[in-house]
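These numbers come from a predicted model, not from an experiment.
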Amino acid sequence: MRRGTNLPAVGGYNRSVVLDAVRREAAGLSRTEIAERTGLSPQAVTNVSRRLLDAGLIRESGTVISGPGKPRTMLQLEPGGSFALGVHVDPAVVTYVLLDLHGTVVAHAQTPTPSASRPDEVVGLIARTVDGLVADSGVDRARLLGIGIAAPGPIDVEDGVVLDPPMLPRWRHVPLRRAIAEATGLPVLLEKDVAAAAVAELWFSDGASRRDFAFVYYGTGFGTGLVIGRDVVRGSSSNAGDSGHVTVASSGRRCTCGRIGCVGELITPHALVRQAVEAGVLTADDLRVDVLDAARSEGDPDDLHRIEEALVALAGKAADGDEGSLEILHEAARHLARAVVVVLNLLDLAEVVFGGPFWHVVAPWVLQVLPEAVRSSAALIAKHPIALEQSAIGTDVAAVGAACLVLDHAFSPRPSALLISA
């Protein structure tokens, strides 16, 4: 936990320190306990607490008797004091969540991504859906802190620009942060989708868990969010986690990068559907003909909705015991296991979390094979136990993480706030 300071010029930082301490203790803290945990003087805690109470961010929740002296008044977070919006832009689907200060999802929506050839259509859809979500929730718009956007990379975080995501080939240098801010009138943060997913896992874990882990993101694309020492690893340009080109096979379809055996080319929804079509596992009797055409194409963004339908059909056949479908999904699990082992070895991790928009579609059959394939791999260096877990947040994980970033930016203590330049 961050320690506060008693210098009078850093009230904003101290407010964050106190709020963060209260947020982490569900049962609440007394002012004395806050002072003990933060290093602030009792007078500083009293002053900061009064401002937080006036702002409606915390509340007095009663008194407790602990030893001699007068009872202590407990302070708890006021969940409805502020709210944050999170939006995840996947090439196939846009997910929206509205979170209170506890991180509880109070409203949710999902829309198909419009034609990816027109980023302005996506921005317009996001603005309309956000307005509707807030209106339907009954939340006072004045209590909205802002919007966090989780987008496929690569991105330019400083300028808020989506550069040239592979699964959105017609997006080039799209100023997404500015466009959404202008369309909604709200402050906007932009984050890479895999990093946002990792933030969500951190936000909903306690200090004793999820210290060092990889988040395997399975959506329209594939990536890995990394956390070391409870800090998200973003890299020099905030684009860390592009693991789709880890080589896991010596044969197969040539990747867009020119190599053979890239994991992203072998396990993404588009790849699995194409494999199923080529093997005759999915036929015109199972799907609309245009879905088959989409599977044979080179990933036209306009075909992504049909690919999603085809992936669900493939999983449905696996659920019915179809051997061809099971073999495709089990082989994908073995490919994914090899990529996971590379990450485990590189960073000496003991935990991997799996999630993303389409993970739930394939998870039952991938998990029949993946855990044993990882732990029995001759390439695995680690001798300690490896935890392989599914995200408890579900398909909204990146959107939730984007909203958590807004809460974190607004209320988590940052040493940079003490700099004169800040």
Any donor-acceptor N/O pair, [X] side chain to [Y] backbone, under 3.5 Å:
X	Y	answer
Gln275	Leu266	yes
Asp156	Asp159	yes
Thr184	Ile180	yes
Arg259	His245	yes

*Using a strict 4.0 Å threshold on nitrogen-to-oxygen distance, state whether Arg211 and Glu351 make a salt bridge.*
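Not counted as a salt bridge, because no side-chain N and carboxylate O are separated by less than 4.0 Å.
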
_Check this for me, if you would: do Glu182 and Arg177 make a salt bridge, where the nitrogen-to-carboxylate-oxygen distance has to be below 4.0 angstrom?_
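Here Glu182 does not pair with Arg177 in a salt bridge, since their nearest N and O are not under 4.0 Å apart.
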
Say whether [X] and [Y], considering side chains only, have a donor N or O and an acceptor N or O under 3.5 Å apart.
X	Y	value
Asp164	His173	no
His108	Asp396	yes
Thr268	Tyr218	no

*Identify the heavy atoms of Leu314 and Ala276 that sit nearest to each other, and give their distance.*
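Shortest heavy-atom contact: CD1-CB, 3.9 Å.
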
*Write down the atom of Leu176, the atom of Ala151, and the distance for their closest heavy-atom approach.*
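Closest approach of Leu176 to Ala151, heavy atoms only: CD2-CB, 4.4 Å.
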
How long is the gap from [atom1] on [X] to [atom2] on [Y], to the nearest 0.5 Å?
X	Y	atom1	atom2	value
Leu145	Leu186	CG	CG	10.0 Å
Trp359	Ser391	CH2	OG	11.0 Å
Leu57	Ser82	CG	OG	5.0 Å

